[in-house]
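The block underneath contains the structure these notes are about, expressed in structure tokens.
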Amino acid sequence: MGLLRSRRPGLQVVRGFGMVGSSLMFIEGLRYLPVADATAIFFVSPILIMALSVVFLGETVGWRRWTAAAVGLLGVLIVIRPGTGAFQAAAFLPVLGAASWAVGAVVTRKMSGDSALTMLAYSAVIGSLVLSAALPFGWVTPGWREMGLGLCMGVLFSIGQCFVVLAYRHGSASLIAPFSYVQLIWSGALGYLVFGSLPDSWTMTGACIIAMSGLYTAYRERVRALQKRFPA
């Protein structure tokens, strides 16, 4: 039980629900969307994190970053293409996942006193409780293959979460954030290798716009951090 000792257990619970909700919405979206499309849409999360930081962390966001956020939303709309025959209502699932992730990320910023293992432990416990409660409504007995894949997914997800928490502990968000866009490359490559699907030109265009928006936002955060550290 030592891992569950937290200075702010209430926030840990909120963060746990945010992480679980993010995973559930994104995975559900993969049932209907190509991996690259779902990943590109999910990258609206930095914009949502910025907006929530203003409300819950009291951060100040200038017009440049709001403009970058608007450009990023334009990129998401290009990928989703509402009002066209290519639009799928399932595209809102990764959007909801991104919103859930944003809540968890903002809460994480408020819990600098708890260890990475404590955060992972709370996420694991809450995830187990939520999914166990949902089992009677959609239980399908898994085979050895499904159990092996599920185990691999859980291990890889936990390792990834641990590295993300440690990265944000030891480095600035503006320095770390751009590396997340490597996922766009991995998702496109793995989507092709595993499922034989390639992102279309609209998805690639929207993903590039989203990435540029996020990179500029990270750059502006870096500039602001330097201005605070070395005022003129």
_So, taking the atom named CZ in F26 and the one named CG in L33, what distance separates them when rounded to the nearest 0.5 Å?_
9.0 Å
*Do L93 and Y32 have side-chain heavy atoms sitting under 4.5 Å apart?*
yes
*Same apolar cluster: F43 and I209, side chain cutoff 4.5 Å*: no
*Treating Ile, Leu, Val, Met, Phe, Trp and Tyr as nodes and any side-chain heavy-atom pair under 4.5 angstrom as an edge, say whether L74 and Y216 lie in one connected cluster.*
no
_Heavy-atom pair of closest approach, residues V106 and I49_ = CG2-O, 3.9 Å
*So if you build clusters from Ile, Leu, Val, Met, Phe, Trp, Tyr with side-chain heavy-atom gaps below 4.5 Å, do V95 and L73 land together?*
yes
*Quick one: closest heavy-atom pair of A105 and M19, and the distance?*
N-CE, 4.1 Å
*Shortest non-hydrogen contact between A38 and P94, atoms and distance*: O-CB, 3.7 Å
_When you group the ILVMFWY residues by side-chain heavy-atom contacts below 4.5 Å and let the links chain together, are I126 and L131 in the same group?_
yes
*How far apart are the closest heavy atoms of E146 and G143, and which atoms are they?*
OE1-N, 3.0 Å
_Heavy-atom side-chain proximity of I78 to I210 below 4.5 angstrom_ = no
*asked:* Is any side-chain heavy atom of W101 closer than 4.5 Å to one of L48?
replied: no
*asked:* Could you see if V155 belongs to whatever hydrophobic cluster contains F163? Use Ile, Leu, Val, Met, Phe, Trp, Tyr and a side-chain cutoff under 4.5 Å.
replied: yes
*Please tell me if the side chains of F92 and I41 come closer than 4.5 Å, counting only heavy atoms from C-beta onward.*
no
*Taking side chain as C-beta onward, heavy atoms only, is S22 less than 4.5 Å from F42?*
yes
*Which heavy-atom pair separates S213 from A69 by the least distance, and what is that distance?*
OG-N, 4.0 Å
*asked:* Could you report the tightest heavy-atom contact between G127 and V20, atom names first, then the distance?
replied: CA-CG2, 3.4 Å
*So does W66 have more than 12 non-hydrogen atoms from other groups sitting under 6.0 Å from CH2?*
yes
*Any sub-3.5 Å donor-acceptor pair from T205's side-chain atoms to S201's backbone N or O?*
yes
*Using atom types as modelled and distance alone, determine if a side-chain donor or acceptor of S123 lies under 3.5 Å from a backbone N or O of G16.*
no
*With no hydrogens and no angle check, is any side-chain donor or acceptor of T203 less than 3.5 Å from a backbone partner on V79?*
no
